[in-house]
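In this chain, residues are counted from 1 in sequence order. Because only heavy atoms are used, hydrogens play no part in the values below, and waters and symmetry mates are left out as well, while side chains stay in.
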Amino acid sequence: QVLLVESGGGLVQAGGSLRLSCAASGRTFSGYVMGWFRQVPGKERDFVGAIRWSTGSTYYADSVKGRFTISRDNAKNTVYLQMNSLKPEDTASYYCAAAAGVIIPTAPARYKTWGPGTQVTVSS
């Protein structure tokens, strides 16, 4: 059974930083893309960024480019989302997800496995 579990969310002041973790289990993810999404109540789930597990190459949404960084630790089977220079508009529930293949999709429907999410709140 494939499982993804996010952690590291919390309350932070604007300008601060948080690092989210996504612990993956149940299979090897070398042929997968691991994505990060976020969602606020009443709105669609938005793509934040993703990483190809095999190569470590990344792709980011324009809204977070230069502030957020995605990385992975093969030994720990964990993907990270380092968030710097946080803004109140970054407040959301953050989800990690897995998609088979090497092309990085931005549509949530392309990701078949999801974690339960972790809340990030940025105060002004």
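- Closest non-hydrogen pair, L86 versus R67, comes out as CA-NH1, 3.9 Å.
- In this pair, F68 and Y94 present their aromatic rings tilted. The plane angle is within the 30 to 60° band.
- Separating the OG1 atom in T69 from the CE atom in M83 is a distance of 11.0 Å, to the nearest 0.5 Å.
- Pairing each heavy atom of P105 with each of I103, the nearest pair is CD-O, 2.9 Å.
- Minimum interatomic distance between L11 and S123 (heavy atoms only, all atoms of both residues): CD1-CB, 4.3 Å.
- Contact annotation: the side chain of W114 approaches that of R45 to within less than 4.5 Å [non-hydrogen atoms, C-beta and beyond].
- For K65, the NZ atom counts as densely surrounded, since its 6.0 Å shell holds more than 12 non-hydrogen atoms of other residues, nucleotides or ligands.
- With a 6.0 Å radius and a threshold of 12 heavy atoms from other residues, nucleotides or ligands, R110 has its CZ atom at or below the threshold.
- The distance from the CZ atom of R72 to the OG atom of S30 is 10.5 Å, given to the nearest 0.5 Å.
- A heavy-atom distance below 4.5 Å is found between the side chains of R38 and V48.
- Residues W53 and N74 meet the side-chain proximity criterion, which asks for heavy atoms closer than 4.5 Å.
- In this structure a side-chain-to-backbone donor-acceptor pair under 3.5 Å is missing from E6 to T118.
- Residues T91 and Q119 have side chains in contact (heavy-atom distance under 4.5 Å, counting atoms from C-beta outward).
- Clustering ILVMFWY residues whenever any of their side-chain heavy atoms sit less than 4.5 angstrom apart, transitively, puts V64 in the very cluster that holds V12.
- Using a 4.0 Å cut-off between charged nitrogen and carboxylate oxygen, K87 and D90 do not count as a salt-bridge pair.
- In this structure, Y32 is a member of the same hydrophobic cluster as Y60, with clusters built from ILVMFWY side-chain heavy atoms closer than 4.5 Å.
- Nearest heavy-atom pair across T55 and S57 is OG1-OG, 2.9 Å.
- Hydrophobic clustering of Ile, Leu, Val, Met, Phe, Trp and Tyr side chains at less than 4.5 Å, counting indirect connections, keeps Y111 apart from I70.
- A distance of 13.5 Å separates CD1 in I51 from CZ in F29, rounded to the nearest 0.5 Å.
- Linking ILVMFWY residues whenever their side-chain heavy atoms come closer than 4.5 Å, directly or via other members, places V120 and M34 in the same cluster.
- In this structure, L4 and Y95 have side chains that are not in contact, with every pair of non-hydrogen atoms separated by 4.5 Å or more.
- Between I104 and A50, the closest heavy-atom pair is CG2-CB, 3.6 Å.
- In this structure, the separation between CZ on R19 and OG on S7 is 9.0 Å, given to the nearest 0.5 Å.
- At distances below 3.5 Å, not a single donor-acceptor pair connects side-chain atoms of D73 with backbone N or O atoms of T78.
- If you chain together hydrophobic residues whose side chains sit under 4.5 Å apart, V79 and L81 fall into the same group.
- Residues P108 and Q39 have side chains not in contact (no heavy-atom distance under 4.5 Å, counting atoms from C-beta outward).
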